[in-house]
Amino acid sequence: MTSRALVEMAALALVVFSVGALWVRLRREKTIESDGGATIQESISAELGRFQRQLLRILTTTDHREIGILYILFGTLAGVWGGIDAMMLRTELLTPPADIWTPETYNALFTTHGLTMLIFFVLPVFFGIANYFIPLLIGADDMAFPRVNAIGFWLLPPALLLVRMGLFVQVGGQFLGLFSPEETIRFFLSLREVGVGWTLYAPLSVQSQNPQLDLLLLGLHLSGISTTVGALNFIVTIVHERGENVTWANLDIFSWNILVTSGLALFAFPLLGSALVMLLLDRNFGTTFFAVEGGGAILWQHLFWFWGHPEVYILFLPATGLMSTILPKFVGRKLFGYRFIVYSTLGLGVLSFGVWAHHMFVTGVDPRIKASFMAVSIAIAVPSAIKVFNWLATMWEGDIRMSAPFMLCAGSISTFIIGGVTGVFLAVIPVDILYHGTYYVVGHFHLIVVGIIPFMMVAASYYWYPLMTGRWYDTRLAKFQAVLMIVGSLVTFMTLLIIGGVGLPRRQAIYPPEYQFANQIATVGAYVIGLSVLLWLYNVVVSYWRGAPVETTDPWNLKATRQFTKEWQWFESRMVAQYGLSPATPSSVRRSFDPSAEPEGLAGGVGSVIQDVSRKASAAAIGGIVGTLLMTGGLGTAVFIDVLDPASFGEIAELVGLPASPVLGSLLFLVGGTVTWPLLFLAFREFLPGRLLFERGLVFSTLIWTGFVVAFYTGQQGLGLVGYLAFGLVAHWSYGLGLTVTFQYLRSRQRAALGGGE
């Protein structure tokens with residue numbers, strides 16, 4: 001078998017060395033050559049002196065922007081490391097037998113992958129972004145406690161080293177083994193990466209003889225202290241350091257999300273720390289917190305998931321804050337429903353502490369308690385859906401700018417909808433019991449955590465790159481990289497959803513041969529994600545030295561849409577002061593939306609009657625296709641989980657004189673959704689209630705749904721009936737939104753082509 005430790009260390013070293021070498025090379029190209037007046041020795045001394053000064057400054061800095069960059073660099077390194085774990089996992093799954101790594105190594109890989117990505121990648125990067133921008137966004141000079149801020153960061157590197165110490169020791173042992181007999185280096189060979197799973201379930205974690213597990217627990221505890229310290233600092237900063245003109249009513253949405261995230265972390269991480277100490281005591285001092293004679297293994301699961309589920313939202317909420325911040329900038333329209341997004345964020349924060357037991361539906365928890373947790377778990381979809389609807393409504397009526405940040409935002413919304421809807425299934429007890437130990441859970445979870453968190457991190461790096469560096473990145477490469485990341489994620493995790501749906505168990509290095517092709521597809525998708533990450537690294541490093549300098553104080557033309565927010569105002573003042581630039585003046589300013597001033601007609605009353613009719617027909621066809629595709633996903637899922645009988649579609653075929661074939665009926669149903677319903681909507685939309693087009697679309701699709709549930713009802717009872725109604729409604733709302741958002745987009749394009757504009 002291949003040595004996992006050597007391969008992983010070599011891969012990580014190669015990435016770090018390549019980035020470092022690229023950085024040094026670009027820096028040398030930009031450095032003015034000596035005129036020969038200094039000797040080589042003097043040059044080396046000067047360079048070493050400069051390096052020492054910079055190192056001392058980095059180690060002692062309390063500036064919020066520099067600490068923010070340190071957080072981002074640390075989190076990026078951890079993310080690359082955890083990503084290498086993922087690539088090695090997927091490589092093993094290229095073939096059914098465990099012929100690359102042993103099953104024990106496979107277990108260690110998914111353990112360290114999960115812990116590294118969840119603890120040391122996501123939150124440090126978000127804390128870094130927040131460190132850099134929150135004081136700028138709220139008009140503060142710095143964080144409330146700058147020295148505590150520095151301490152919070154510097155606790156993280158030793159924490160990561162403790163958690164991943166086994167890899168270093170193992171590599172060191174293999175090196176020493178070349179010169180020393182095995183008995184003299186026994187310690188180095190006994191310390192191995194932990195393979196009990198990232199949930200560290202008792203009793204396996206209590207009984208494991210691997211001493212690395214103790215170091216891992218200490219490292220996690222240290223990271224928890226770091227997170228708690230950072231969360232406290234953010235709360236105090238946002239509450240007390242806001243500028244005089246920054247109120248709760250106009251606080252930016254990213255700061256709102258970081259505030260709620262910090263509140264969650266403040267309650268969740270001390271509990272995790274307590275549970276880790278209890279586990280350490282059980283392992284080393286014979287206590288019985290998680291033994292049968294004490295609280296039992298189920299106690300660990302309660303404590304772990306009481307932290308673990310809020311942790312999902314601790315990771316997720318900052319990403320939604322970035323989405324709500326960045327998306328409006330690239331659709332030229334202010335965020336729709338600011339207050340509702342704030343309320344939904346607060347709602348998610350509260351509800352996230354009430355759903356932990358849905359991770360334990362397969363345990364012996366009282367069925368009545370399970371039912372209550374099922375209800376809350378389903379309810380948490382409501383605030384999540386509010387965010388999605390507000391993002392879609394923000395794009396509606398927008399002037400979309402097809403940049404890399406927007407592409408990542410749109411991709412994130414798509415993957416989040418799929419991941420969120422598939423998560424609703426798992427909130428239902430029978431479905432969760434069926435899919436709990438399968439790749440379905442892996443696909444659902446990763447569509448959310450990969451589909452929105454890294455996407456929004458990358459989008460933020462592009463959006464704020466001119467502000468942070470004073471240069472432009474390679475925009476063409478960025479768009480290509482964004483497409484790769486979106487496509488790779490969909491290919492990988494949709495495939496996992498499917499193979500999990502048909503029953504392939506997760507966390508197994510060996511699997512049945514019939515799943516090989518699907519696993520190979522998923523692995524190719526994972527490699528595409530890895531390639532996109534490397535391209536992003538290359539772009540941001542090279543552009544730092546070679547990117548075109550920013551020569552305006554408003555790089556994204558935000559003044560034209562009245563979105564020139566405080567961090568950009570800070571940027572403008574710096575550019576004016578340092579480089580003597582004049583403040584940018586937009587050529588035009590977008591008017592505020594006024595529904596009563598909107599002209600009638602799909603094309604806004606522009607053009608002749610014939611042109612208008614042809615535009616309506618083509619828009620109806622395109623909108624119908626988009627809406628029908630979205631609806632097909634919802635109805636297909638309902639058929640897949642057996643709450644909708646496909647045989648009922650056969651009656652449609654009978655109505656037009658064809659055989660009662662479900663296939664023919666489904667085709668007729670899709671044709672109706674593509675042609676008939678869009679035309680009816682266009683004909684009657686003036687008479688439907690609702691102020692905006694998409695509101696009328698929701699009303700229209702709800703009316704269609706009432707007819708659908710009557711026409712296709714086949715005697716479902718109980719949960720089956722609930723699922724039938726719910727998924728039918730979600731599918732029809734998707735149809736209505738897809739239809740109307742497409743109409744609105746086409747309308748804006750047509751008006752622009754005909755010489756309209758804002």
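Note: hydrogens, waters and symmetry copies are ignored here, and every other heavy atom, side chains too, is used.
Scored by the side-chain hydrogen bond (donor to acceptor under 3.5 Å, both in side chains) test, Tyr338 finds Trp256 as partners (sequence neighbours excluded). Applying the side chain to side chain contact (heavy atoms under 4.5 Å, CB included) rule to Ile386 yields the partners Phe340, Ser344, Val382, Asn390; only residues at least two apart in sequence or on another chain are considered. Shown here are the side chain to side chain contact (heavy atoms under 4.5 Å, CB included) partners of Val542, two or more places apart in sequence or in another chain: Leu22, Leu26, Tyr538, Arg546. Not counting sequence neighbours, the partners of Leu272 by the side chain to side chain contact (heavy atoms under 4.5 Å, CB included) test are Phe269, Leu276, Trp307. Residues satisfying the side-chain hydrogen bond (donor to acceptor under 3.5 Å, both in side chains) criterion with Thr553, sequence neighbours excluded, are Glu572. The side chain to side chain contact (heavy atoms under 4.5 Å, CB included) test applied to Val16 returns Leu12, Leu77, not counting sequence neighbours. Residues satisfying the side-chain hydrogen bond (donor to acceptor under 3.5 Å, both in side chains) test with Tyr527, not counting sequence neighbours, are Thr91. Residues meeting the side-chain hydrogen bond (donor to acceptor under 3.5 Å, both in side chains) test with Ser223, sequence neighbours left out: none.
The shortest side-chain heavy-atom distance between Arg401 and Phe406 does not fall under the 4.5 Å cut-off. Side-chain contact check for Cys409 versus Phe330: every heavy-atom pair is 4.5 Å or farther apart. Two residues are said to be in side-chain contact when any heavy atoms from C-beta on lie closer than 4.5 Å; Trp23 and Trp545 meet this criterion. A heavy-atom distance below 4.5 Å is not found between the side chains of Leu232 and Val229.
Legend: side-chain hydrogen bond (donor to acceptor under 3.5 Å, both in side chains) pairs involving residues 130-139, not counting sequence neighbours, sorted by first then second residue: Asn131-Asn149. Pairs passing the side-chain hydrogen bond (donor to acceptor under 3.5 Å, both in side chains) check and including a residue from residues 155-167, sequence neighbours excluded, read Glu8-Arg164, Asp85-Arg164, Thr116-Arg164, Arg164-Glu193. Within the structure, side-chain hydrogen bond (donor to acceptor under 3.5 Å, both in side chains) contacts touching residues 63-75 (residues at least two apart or in different chains) are Arg57-Glu66, Thr61-Glu66. Residue pairs meeting the salt bridge (charged side-chain N to carboxylate O under 4.0 Å, His left out) criterion with at least one partner in residues 126-148, sequence neighbours excluded, are absent.
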May I have the step-by-step check of side chain to side chain contact (heavy atoms under 4.5 Å, CB included) for Thr469 and Ser543, ending in yes or no?
-> CA-CA 9 Å; Thr469 66; Ser543 299; over 6 Å; no
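By the 6.0 Å and 45° rule, Arg242 stacks over the aromatic ring of Trp248.
For an aromatic pair to be called close, the ring centres must be under 6.0 Å apart, and Tyr465 with Tyr544 fails this.
Nearest heavy atoms, Ile314 versus Ala268: CD1-CB, 4.2 Å.
Between the side chains of Tyr462 and Gln481, at least one donor N or O lies within less than 3.5 Å of an accepting N or O.
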